[in-house]
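Have a look at the structure below before the remarks.
Protein chains get the first letters and strands the later ones, always in sequence-line order, with residue 1 at the start of each.
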Amino acid sequence: MKKVRTRFAPSPTGFQHIGGFRTAMFAWLFAKANNGDFVLRIENTDQARSVNGATKYIIESLEWLGIDISEGPSYEDLKSIDEYWEGAPELNGNYGPYIQSERLTKYQAMAEKLINEGFAYRCDCTPEMLEKERNEQMARREMPGYSGYCRTRNVSKDSSHIVRLKLPGQFSISFDDSVRGHISWENPPLRDPILLKSNGSATYHLASVVDDTEMEITHVFRGEEWIPTTPIHLFLYDSLGIERPIFSHLSHILGVDGKKLSKRHGAASLNVFREEGYLPEAILNYITRIGWSPGEGEEREIFSIDELVKIFSLKGLSKSSGVYDVAKLQWMNGVYLREISLARFNEFALPLLEKEFVNFDRSKWDLVAPVVKDRLKVFNEIPQMVEFLFVENLKRDIDQITSKKIDSEGVRKVLEKAIEKIKNLNDFSIKSLELAIKEIPDELDLKMGPVFIAVRIAVTGKKATPPLFDSMFALGKDKCLKRLEETIKLL
RNA sequence: GUCCCCAUCGUCUAGCCUGGUCCAGGACAUCACCCUUUCACGGUGAAGACAGGGGUUCAAAUCCCCUUGGGGACGCCA
């Protein structure tokens, strides 16, 4: 049996959204699950649209997600695309080069072969002519497409030309998609697609078939937007007598508006999730659950990468597209957050805190980090939770300090009592603080709730915070007293 | 205009292939209660879906057809 080889073949034209990375992840999971290879190939045939930095972004994102690349572009190739990328890795393998701009002669040779065998022809129609033709067809409400003008004209090699695939006027073709089953066409509405552009580079249709063949890709994972042009690829494989790979056309991820994910859905790009503070394993896990499920009898939602590799199968891929739901991602991120070590938590949290607070104090942070960690969904919620520790002029939700249960006079008494008790404390610890403050309700004949809220808002400014005594302890005795006194003046 | 794909709670989905065990199961979100110093966690419970119509069958979420709805493709983009 042939070794399983899958590939991820993005074009470096900008930021990939999570859907793109999900495609990569499924291809990778399948390779891993079958002891195969996962190849990264950069489809930069369209030089005009290539964006500097896009390849770096893709590779670093894959690495961040924990998707390891078996083979990919060499250091030199990477530098030729992203010239300013100093730390570009060396991914090379035995099927290189892995960037399409370096494979042009292979495409040209294949085009030549197709022409010689009568499956393709040269065409010197200008873009203007084609444009005119298309406009006329649209006006007549016909399917736009090339007329086939050059099919029999034997256009010379020497003039500026493109190469087109010669598709039969009538033909039926079909294949078995691993996620959708049998897909067939009676007469696919395709008109002699372009294989080679006038500048000598290949279009996706030619390049992907040539590359997938030469790189011995056994399973092609790609978005369902490729289904309509699959007949072109099938026709190419069949004409050339090459064995077709197994196709898995993945359903799309849609935005909340039900539309295909695009730049408009800014929040759906991986770098944004990264910046907002999601854990890679949470994103990977979440992404996996849209468009795939482990099947009957499995009701868990949380899977480690290793578990995923163990249970992944093509059978679980779903046909219908899905909408990504940030709320569920957040929940999942929270689950992972509660499980990671404090050290790893700090790797993410510290840079954020140092950036946010000029007076950031690591020793104070360490006192509350564990309790903060357990009540977080996303990292970017941290600053507002611990703001009270690192700012001088605290803003308080003072209007929430009173309620039906307590008036401002009551609050004043509570705060005065608190000051008195803290002053009399001979050791300032979480435990002693708790014992002391807990005496207040009885002494003033109040309920526990309003008393704690009063102290909480006085000290931290907010109604919802990490546990009160941990917070007060981290703040320190002097600051606590100062905050309580300040608050009395506000009443 | 032509072709292709898809269709179960608000969302992600199980079940569909191999009809009966499904007055449809889980998760997120929502609501209520419990736990509780707030928040979060956890626990319990509630509400919530087989797009519509025809067949086939003793029996259909499951098989077939049509309708509708959604998505996609029709480029010297991928």
Side-chain angles (χ1 to χ4, degrees), chain A residues 9-11 13 43-46 48-49 123 125-127 130-131 134 137-138 140-146 161-164 177 180-181 183-191 193-205 207-208 222-231 249 251-252 254 256 258-260 286 289-302 315-316 318-332 334-335 338 371-372 374-377 385 434 437-438 441 448-453 455-457 460 462-469 471:
Chain A
S11 55
T13 51
E43 308 225 324
N44 61 338
T45 53
D46 190 358
R49 298 205 317 154
C123 164
C125 293
T126 62
L130 298 172
E131 168 93 34
R134 186 161 30 241
Q137 287 163 332
M138 300 283 250
R140 277 181 266 134
R141 314 188 86 199
E142 283 171 11
M143 183 192 97
Y146 182 56
H161 66 274
I162 57 177
V163 175
R164 288 181 184 273
D177 190 278
R180 278 149 222 278
I183 299 181
S184 61
W185 287 263
E186 217 36 75
N187 287 303
L190 264 9
R191 304 266 196 84
I194 294 171
L195 262 21
L196 219 54
K197 309 176 199 176
S198 57
N199 66 4
S201 69
T203 60
Y204 173 89
H205 307 305
S208 69
R222 40 146 74 151
E224 62 173 323
E225 73 272 20
W226 288 106
I227 295 176
T229 47
T230 300
H249 286 100
S251 53
H252 285 147
L254 273 21
V256 266
K259 296 271 182 276
K260 193 179 165 186
Y286 174 68
R289 290 296 289 107
I290 132 162
W292 179 81
S293 87
E296 194 175 8
E298 179 55 86
E299 296 197 327
R300 284 178 300 166
E301 297 273 346
I302 307 293
K315 206 168 171 289
S318 64
K319 298 196 254 265
S320 50
S321 38
V323 173
Y324 88 94
D325 178 13
V326 197
K328 189 154 182 174
L329 207 211
Q330 290 182 344
W331 162 77
M332 201 171 266
V335 173
R338 271 169 248 128
V371 292
V372 168
D374 285 352
R375 61 210 74 212
L376 226 49
K377 283 197 168 78
M385 286 183 79
E434 178 172 357
I437 300 294
K438 276 189 170 166
M448 199 97 112
V451 171
F452 275 75
I453 287 176
V455 177
R456 190 183 301 277
I457 290 183
T460 71
K462 292 187 170 68
K463 227 173 152 178
T465 71
L468 223 209
F469 307 113
S471 302

When we call it a touch if two heavy atoms are under 4.0 Å apart, what does [X] touch: a base, just sugar-phosphate, or nothing?
X: A:I227; value: sugar-phosphate
X: A:T203; value: sugar-phosphate
X: A:K463; value: base
X: A:I290; value: sugar-phosphate
X: A:R180; value: sugar-phosphate
X: A:G291; value: sugar-phosphate
X: A:W185; value: sugar-phosphate
X: A:E43; value: sugar-phosphate
X: A:P188; value: nothing
X: A:R338; value: sugar-phosphate
X: A:S11; value: sugar-phosphate
X: A:R134; value: sugar-phosphate
X: A:S320; value: sugar-phosphate
X: A:T230; value: nothing

Could you tell me which nucleotide pairs with [N] by Watson-Crick or G-U wobble geometry, both distances under 3.5 Å, or answer none if nothing does?
N: B:rC22; value: none
N: B:rU2; value: B:rA73
N: B:rA59; value: none
N: B:rC16; value: none
N: B:rG45; value: B:rC31

Sidechain-backbone polar pair: A:R375 side chain, A:P466 backbone, donor-acceptor under 3.5 Å
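Absent.
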Under 3.5 Å, is there a donor-acceptor pair between the side chain of A:E298 and the main chain of A:R300?
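Yes: the side chain of A:E298 pairs with the backbone of A:R300.
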Quantified in whole Å, what is the [atom1] atom distance between nucleotide [N] and nucleotide [M]?
N: B:rC41; M: B:rA27; atom1: P; answer: 15 Å
N: B:rG52; M: B:rU57; atom1: P; answer: 23 Å
N: B:rA32; M: B:rG71; atom1: P; answer: 35 Å
N: B:rC58; M: B:rG53; atom1: C1'; answer: 23 Å
N: B:rU11; M: B:rG70; atom1: C1'; answer: 16 Å
N: B:rG19; M: B:rA24; atom1: C1'; answer: 15 Å
N: B:rC76; M: B:rA14; atom1: C1'; answer: 47 Å
N: B:rA7; M: B:rC12; atom1: P; answer: 12 Å

Check the pair A:V323, A:V256 against side-chain contact (heavy atoms from CB on, under 4.5 Å), reporting the backbone distance first and the verdict last.
CA-CA 6 Å; A:V323 173; A:V256 266; 4.2 Å; yes
Would you mind telling me which residue lines up with the more 5' stretch of RNA chain B, A:P467 or A:W292, judged by nearest nucleotide?
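Counting from the 5' end, the first nearest nucleotide belongs to A:W292.
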Identify, between A:R300 and A:E296, the residue whose nearest nucleotide on RNA chain B lies closer to the 5' end.
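Taking each residue's closest nucleotide, the earlier one in sequence belongs to A:E296.
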Using distance alone, with no hydrogens and no angle criterion, decide if A:R49 and A:S11 have a side-chain donor and acceptor under 3.5 Å apart.
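A:R49 vs A:S11: no donor-acceptor pair found between side chains.
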Minimum heavy-atom distance A:S321-A:L254, with the two atoms named:
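Shortest heavy-atom separation between A:S321 and A:L254 comes out as OG-CD2, 3.6 Å.
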Shortest non-hydrogen contact between A:R164 and A:R191, atoms and distance:
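Looking at all heavy atoms of both residues, the closest pair is NH1-O, 4.4 Å.
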Using a heavy-atom cut-off of 4.0 Å to chain A, what are the terminal contacting nucleotides of RNA chain B, in 5' to 3' order?
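Endpoints of the contacted stretch of RNA chain B: B:rG1 to B:rA78.
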From CA spacing to verdict: side-chain contact (heavy atoms from CB on, under 4.5 Å), A:D46, A:T13:
CA-CA 9 Å; A:D46 190 358; A:T13 51; 5.9 Å; no
Do the rings of A:W226 and A:Y204 sit parallel, tilted or perpendicular, given the 30° and 60° boundaries?
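Ring orientation, 0 to 90° scale: parallel.
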Are more than 12 heavy atoms, taken from residues, nucleotides or ligands other than A:R141, located less than 6.0 Å from that residue's CZ atom?
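No, because the 6.0 Å sphere around CZ of A:R141 holds 12 heavy atoms or fewer from other groups.
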